[in-house]
**Q** 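Structure incoming, see below.
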Amino acid sequence: MSSSQPFLSSSPSSLPSPRRKKSRFAYKHLAALSQSQTTCPLRVIAHIDLDAFYAQCEMVRLGIPEDQPLAVQQWQGLIAINYPARKFGLNRHITSTEAQKLCPDLIMQHVATWQEGDDKWAYREDSFKNMASQKVSLDPYRLESRKILATIKEALPPAPIQRVEKASIDEVFLDLSAQIHSILLQRYPELSGPAPYDDPTTPLPRPLTTALDWHTDALVDLDASQTEDDDPDWDDICILLGSEIVRRIRQTIRAKLNYTCSAGVARNKLLAKLGSGHQKPNAQTVVRNRAIAQFLSSFKFTKIRNLGGKLGDEVVALCGTDTVAELLGVPLETLKRGLGDDTGMWVYNAVRGEDYSEVNPRTQIKSMLSAKSFRPAINAFEVGVRWLRIFAADIFSRCVEEGVLENKRRPRTLNLHHRQGAQTRSKSAPIPRGGALSEETLFELARGLLAQVVADGRAWPCANLSLSVGGFEDGVVGNKGIGGFLVRGEEAKAMLASERMNAAVHGDAEAEEEDGEGERERPLKRRKLRPDNPSIANFFGKREESKDESELEPEPEPLDHLPNLSSSKAAPTPAPEPTKPPPRPPQTTSTLPSSAPSPPPRPRRLPLLPLLRNPASSPPPRPPLSHHPHLPNNKTRTHQTRIPHPPPHRHRKRRPTLAPNATASQFR
Ligand code: TTP
Ligand code: CA
Ligand code: CA
């Protein structure tokens, strides 16, 4: 905690003031707080998001002064822009050439890349010219992300009090409830006794504090019905304690690693996430319960987590508005009729600031993906194989980071995804046990899978290839021989993991959780979504659609003049970037044998303008869903492949540890 006591300490409970009002909260709510119950009205959730993350990584790596405008370049596009550069009007939608004109002093640092034959990624001066032969590596940012996550965890009490969810490469959610519960009891001893007469519904004594000191927090204005003179209740105090914890964490990240971040503190993830984006950079926003309605009323509901993508579009089409204020006037029944009961209910609650999703303290990597979109498409097996080498090297180096060489963890399955036209095909194989995992093993397996795709026919031209490993298992540390994995690695398990992966591709099962370790190129424009309960419609197709910033790699502008490994001329225009499927919390399992997300229940197409209080002010409805790029039209075939004999291991040179390799290209 910060050393300054932010509010008056309370008097002992033995001396209650006769005029003291009761709290709105009861003893049972305190108990719920200690257990981080998602329905607890005293709950405190924080969301921390790094400012201009990749740009900060480059600034820190290269020791660039903070006021220097800098953008991170990927081919001819910009994927991260620091705040000094934003003052010149730079954004992710302009090209590097346009950026240069707007801000002649701009440093443009190209992301690190893999290139054929390399053992590791590197920063290269000429990457921007070599989109066709190189592939982006996000490793430098992943490594920084890990350091930041570790710093955050160190600053918190150990589990189970600590609940940290890595939400993307540059964000986390923290459930601070249990920690705040223990601080409350220390600071307010009158709360520590049992409920009078053992009745948990007894109201708590009201806090004696009349004014809270919010330090430098951005405080959201109160709802119309509230005034700052209303005495604080325990929810205000809990959120203040949360804000102190978060401020200290942010200070620690700054002091140790020199990164600035922004944060939101509120009673749930939905509000915390909106809060962190409210004041940037380097600020934290507190959304007190008494300010929620006011806070939300200024937003388009498409800014709300999980409402930014297809679901948001559906709601816009259904209700003819995209503002929270107007959606509040739409009856629950209408939303349920148009969106289905569960989704309708979820949307109804969301615009009222209700969100009971939990902070899921998973931080272990479950899968890794390496991918490349080809423009122009590639047309030959050998070209594909060359990319598979790069993917295998990329994935293997990340596996090494995960401790495969020490048998700490090990993936069970390898998956290849191949896109030809509208068709995505996936093949997978168990990774053979016995012996250390090697890059060569991954590569040979991948090549076998690609050979099968080719044997199936119609493999070319191929617009996208990706390789992923999944089903990570903990290994036996200290038992580095074959035995460790012979014992643990029953074939059944591998096949099960592989089945799950395939089922996920087909959209008929809960996929393995995303872990933010995928990597693919993708269009610059995208929507951020990550449902808490993702019924992940498909592993591959949806990853493309749903990946959040943890693994974003915006797709470059197509550049016709660039050399290519392929001899193809035709470059099929890739589909516009799809968004994540609606959260449908908690309904919907897709039955479509498609690589595209499950279609939503068809909403009514006609905007329900008469339902709105002020239809005249409604923006026009979005284009009808039938034009939406995300409705499924892809066909996916998936095969499981068992490789009867593991290929021989031809060991390549062990890669060195991944040390940044600095170059800053400055184009003036
Ligand atoms: P964001 O958190 O969305 O953005 P940011 O950190 O750059 O800036 P802000 O201060 O507004 O939070 O994304 C985190 C990183 O993810 C970003 O630095 C680069 C990467 N990214 C892409 O590669 N492509 C994208 O389209 C987006 C949105 C992000
Ligand atoms: Ca960010
Ligand atoms: Ca982010």
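Note that this is a predicted model, so its numbers are computed, not measured. Counting convention: from 1, in listed order, for ligands and their atoms alike.
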**Q** Among Glu58, Arg92, His93, Gln56, which one has a heavy atom closest to atom 5 (P) of ligand 1?
**A** Arg92
**Q** Return yes or no for this condition: an N or O of Leu50 is under 3.5 Å from an N or O of ligand 1.
**A**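 Yes: some nitrogen or oxygen of Leu50 is under 3.5 Å from one in ligand 1.
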**Q** May I ask you to list the atoms of ligand 1 that are less than 4.0 angstrom from any heavy atom of Ala80?
**A** 18 (O)
**Q** Identify, by atom number and element, the atoms of ligand 1 in contact range of Lys280, meaning under 4.0 Å from any of its heavy atoms.
**A**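 Here the atoms of ligand 1 in question are 9 (P), 10 (O), 11 (O), 12 (O).
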**Q** Flag Phe53 as yes when one of its N or O atoms lies below 3.5 Å from any N or O atom of ligand 1, and as no otherwise.
**A** yes
**Q** So, at under 3.0 Å, which protein N, O or S atoms would a careful student list around the Ca ion (ligand 2)?
**A** Asp49 OD1, Leu50 O, Asp170 OD2
**Q** Sequence neighbours left out, what pairs pass ring pair (Phe, Tyr, Trp, His ring centres under 6.0 Å) with at least one residue falling in residues 254-276?
**A** none
**Q** Does at least one non-hydrogen atom of Arg86 fall below 4.0 angstrom from an atom of ligand 1?
**A** yes
**Q** Kindly assign one of parallel, tilted or perpendicular to the pair Trp387 and Phe391, based on the angle between their ring planes and the thresholds 30° and 60°.
**A** tilted
**Q** Which of the numbered atoms in ligand 1 are below 4.0 angstrom from a heavy atom of Asp170?
**A**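 What qualifies from ligand 1 is 2 (O), 6 (O), 14 (C).
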**Q** Does ligand 1 have an atom that lies less than 4.0 angstrom from a heavy atom of Tyr83?
**A** yes
**Q** Do ligand 1 and Ile169 have nitrogen or oxygen atoms that lie under 3.5 Å from each other?
**A** no
**Q** Can you confirm if the aromatic rings of His47 and Phe173 lie within a centre distance of less than 6.0 Å?
**A** yes
**Q** Is Lys310 salt-bridged to Asp313, cutoff N-O under 4.0 Å?
**A** no
**Q** Aromatic rings Phe299 and His278: how do their planes relate, parallel, tilted or perpendicular, breaks at 30° and 60°?
**A**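 Tilted: the ring planes of Phe299 and His278 meet at 30° to 60°.
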**Q** Assess Pro281 for proximity to ligand 1: is some non-hydrogen atom of it under 4.0 Å away?
**A**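 Contact check Pro281 vs ligand 1: negative.
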**Q** Are Asn464 and Ser466 packed together at the side-chain level, in the sense that at least one heavy-atom pair is separated by less than 4.5 angstrom?
**A**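 Yes, their side chains come closer than 4.5 Å.
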**Q** Does the distance from a Lys or Arg side-chain N to an Asp or Glu carboxylate O, for Glu144 and Arg61, drop under 4.0 Å?
**A** no
**Q** Step through the shown structure and confirm whether more than 12 heavy atoms of other residues, nucleotides or ligands are within 6.0 Å of NZ on Lys300.
**A**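 Atom NZ in Lys300 is not packed in, count stays at 12 or less.
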